[in-house]
Number of protein chains: 2
Amino acid sequence: MPDGLKPLKVSYHHGDLPQQAHQLALEILREHGDAAISLRALAKQIGVSAPALYRHFIDRESLLAELAVTGFEALRERLLAVDQSAPRRALIDIGLVYVSFAQDEPNLYRLMFGGRVLPKGVHPRLDTAGKGAFQVLEDTIARAQKVGYIKPMPLALMTAAAWSLVHGLSQLTIDGHLPSADAAPQLTEGVVTLLLDGSLADNEQHKDTTT
Amino acid sequence: MPDGLKPLKVSYHHGDLPQQAHQLALEILREHGDAAISLRALAKQIGVSAPALYRHFIDRESLLAELAVTGFEALRERLLAVDQSAPRRALIDIGLVYVSFAQDEPNLYRLMFGGRVLPKGVHPRLDTAGKGAFQVLEDTIARAQKVGYIKPMPLALMTAAAWSLVHGLSQLTIDGHLPSADAAPQLTEGVVTLLLDGSLADNEQHKDTTT
DNA sequence: GAATGATGTTATCATCGTTAACAATGTTAT
DNA sequence: ATAACATTGTTAACGATGATAACATCATTC
């Protein structure tokens with residue numbers, strides 16, 4: 001039998017299927033969103049049969065969960081890189097970095113926080129990865145509070161406010177809901193500043209702080 | 001031919017397919033999320049063939065868009081019902097109503113703001129419905145500003161901040177990301193209050209307001 | 001060198017959104 | 001009244017998806 005007619009495939013086993021599937025899926029996610037990820041198409045592109053993927057991923061959702069985990073880890077790294085020397089600047093920069101991450105990777109960010117596609121409590125690694133990113137934000141706030149830059153108040157309250165603000169701003173800008181959706185960093189900075197300094201007119205600042 | 005053997009269906013035409021489909025789809029959405037909406041299952045439950053639905057809805061996405069429209073209209077009505085006499089109270093109440101709407105109808109809210117399932121600019125009625133709800137929030141802020149309760153600043157900035165805050169808080173609580181996800185109204189009130197009064201310690205309040 | 005477990009393959013199922021071709025019904029003009 | 005037309009249903013079928021079962025191949029280990 002001439003060599004030319006032998007099947008081209010050298011090895012029956014692929015050798016690196018999980019890693020390559022993860023990588024390719026991540027690229028498809030970033031370019032076309034999670035809905036565009038099809039296990040069949042994925043397998044075909046890699047040159048492997050579709051059920052082979054099920055040897056490495058329990059199901060489609062688990063694959064998506066892994067992608068979201070890498071997303072949270074990337075976000076955490078970016079947040080850890082901000083300078084923490086000056087409390088005010090650190091708080092603002094944390095917000096800037098957070099929102100710009102969402103704007104750089106909108107599809108990845110949507111997957112990370114798409115409550116309906118990746119329900120909480122189902123993928124433990126995902127939950128801990130999310131906690132990890134959240135922790136950086138909370139630590140920054142706690143530091144500012146310990147230094148006395150921020151009001152004494154329940155840490156959970158300030159954290160909830162800050163996270164809600166940057167998360168909401170991220171979500172609204174990447175979905176085009178905000179009129180000034182130019183993704184302008186100055187919008188983010190202005191919004192974060194409002195949370196720090198407040199929105200009241202000067203003459204209203206210290207009268208009627210009871211809610 | 002005895003009457004008992006005649007087909008039970010009285011009329012060939014259904015008569016109210018669009019309305020009934022909309023209603024049933026809305027119930028399924030509210031209980032099981034948008035992913036659970038299948039046109040085939042919908043048609044079967046109504047007692048009609050699947051392609052019949054395409055006489056009234058261009059495709060599945062258009063049906064979902066109609067559901068989201070009703071969601072925005074419901075949200076707008078709730079927001080319009082808050083008392084606007086006192087500016088501070090109005091601002092806080094707007095936030096409370098907004099977040100509690102999301103918590104009452106998490107699946108509907110997720111559909112309304114699920115950027116990947118209902119892309120912006122594709123369904124005009126959806127975009128205008130969204131604008132309508134947003135307008136109430138903006139009007140409330142503009143009113144507070146005109147009275148002098150709120151700092152003079154670009155309206156778009158304050159609006160972006162307020163909307164980001166309540167939207168982010170809604171999203172995070174309904175997806176269980178916030179530790180104190182008890183949906184406690186006091187959390188919302190505290191968070192909105194922070195945006196109004198600011199987060200700085202008293203001794204920091206009026207020094208270094210430059211960003 | 002046989003047994004074993006990991007990792008692929010093919011075959012198959014159920015489901016889905018969607019379209020095409022056709023049938024029944026309601027409406028309107030002649 | 002009836003012929004033409006528009007509306008709204010029907011069945012049949014296509015292509016794609018996630019998922020499972022049964023079987024094949026390969027690497028490793030006793």
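Since the model is a prediction, treat every value here as computed from it, not as a measurement. Below, chain A is the first sequence line, B the second, and so on; all start at residue 1.
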Taking atom C1' of dA19(D) as reference, at what distance in whole Å does atom CZ of Arg55(A) sit? 13 Å

Between P of dT7(C) and CD of Gln19(A), the distance in whole Å: 15 Å

Taking a pair as Watson-Crick or G-U wobble with both distances under 3.5 Å, which nucleotide is matched to dT30(C)? dA1(D)

For Arg30(A), look at atom CZ and say whether over 12 heavy atoms of other residues, nucleotides or ligands are found less than 6.0 Å away. no

Of the listed nucleotides (dA19(D), dA12(D), dG8(C)), which one gets closest to any side-chain atom of Pro51(B)? dA12(D)

Is a donor on one side and an acceptor on the other found under 3.5 Å between the side chain of Ser199(B) and the backbone of Leu195(A)? yes

The residue among Phe134(B), Phe113(B), Phe101(B), Tyr98(B) that forms ring-ring contact (aromatic ring centres under 6.0 Å, His included) with His167(B) is Phe113(B)

Base, sugar-phosphate alone, or nothing: which one does Leu42(A) contact when heavy atoms must sit under 4.0 Å apart? nothing

Distance in angstrom units between Leu53(A) CG and dT10(C) P, rounded: 14 Å

Side-chain contact check for Leu39(A): nearest option of dG9(D), dT18(C), dA19(D) is dA19(D)

Quick test of your reading of the model: are Arg88(B) and Asp197(B) salt-bridged, counting only N-O distances below 4.0 Å? yes

Could you tell me how far apart Asp59(A) (CG) and dG18(D) (P) are, to the nearest whole angstrom? 11 Å

Rounded interatomic separation in angstrom, taking CZ from Arg60(B) and P from dT19(C): 15 Å

So does His56(A) get a side-chain nitrogen or oxygen closer than 4.0 Å to the phosphate oxygens (OP1/OP2) of dA6(C)? no

Given atom CZ of Phe57(A) and atom C1' of dT7(C), what is their separation to the nearest angstrom? 14 Å

Between Asp34(A) and Arg116(B), is there a side-chain N and carboxylate O pair less than 4.0 Å apart? yes

Please report the distance, rounded to the nearest Å, between CZ in Arg40(A) and C1' in dC13(C). 11 Å

Expressed as a whole number of angstroms, how long is the span from Tyr54(B):OH to dT10(D):P? 14 Å

Looking for any heavy atom pair under 4.0 Å, which part of the strands does Ser38(B) touch: base, sugar-phosphate only, or nothing? sugar-phosphate

For Ile37(A), report the nucleic acid contact type (base, sugar-phosphate, nothing); a contact means any heavy atom under 4.0 Å. sugar-phosphate

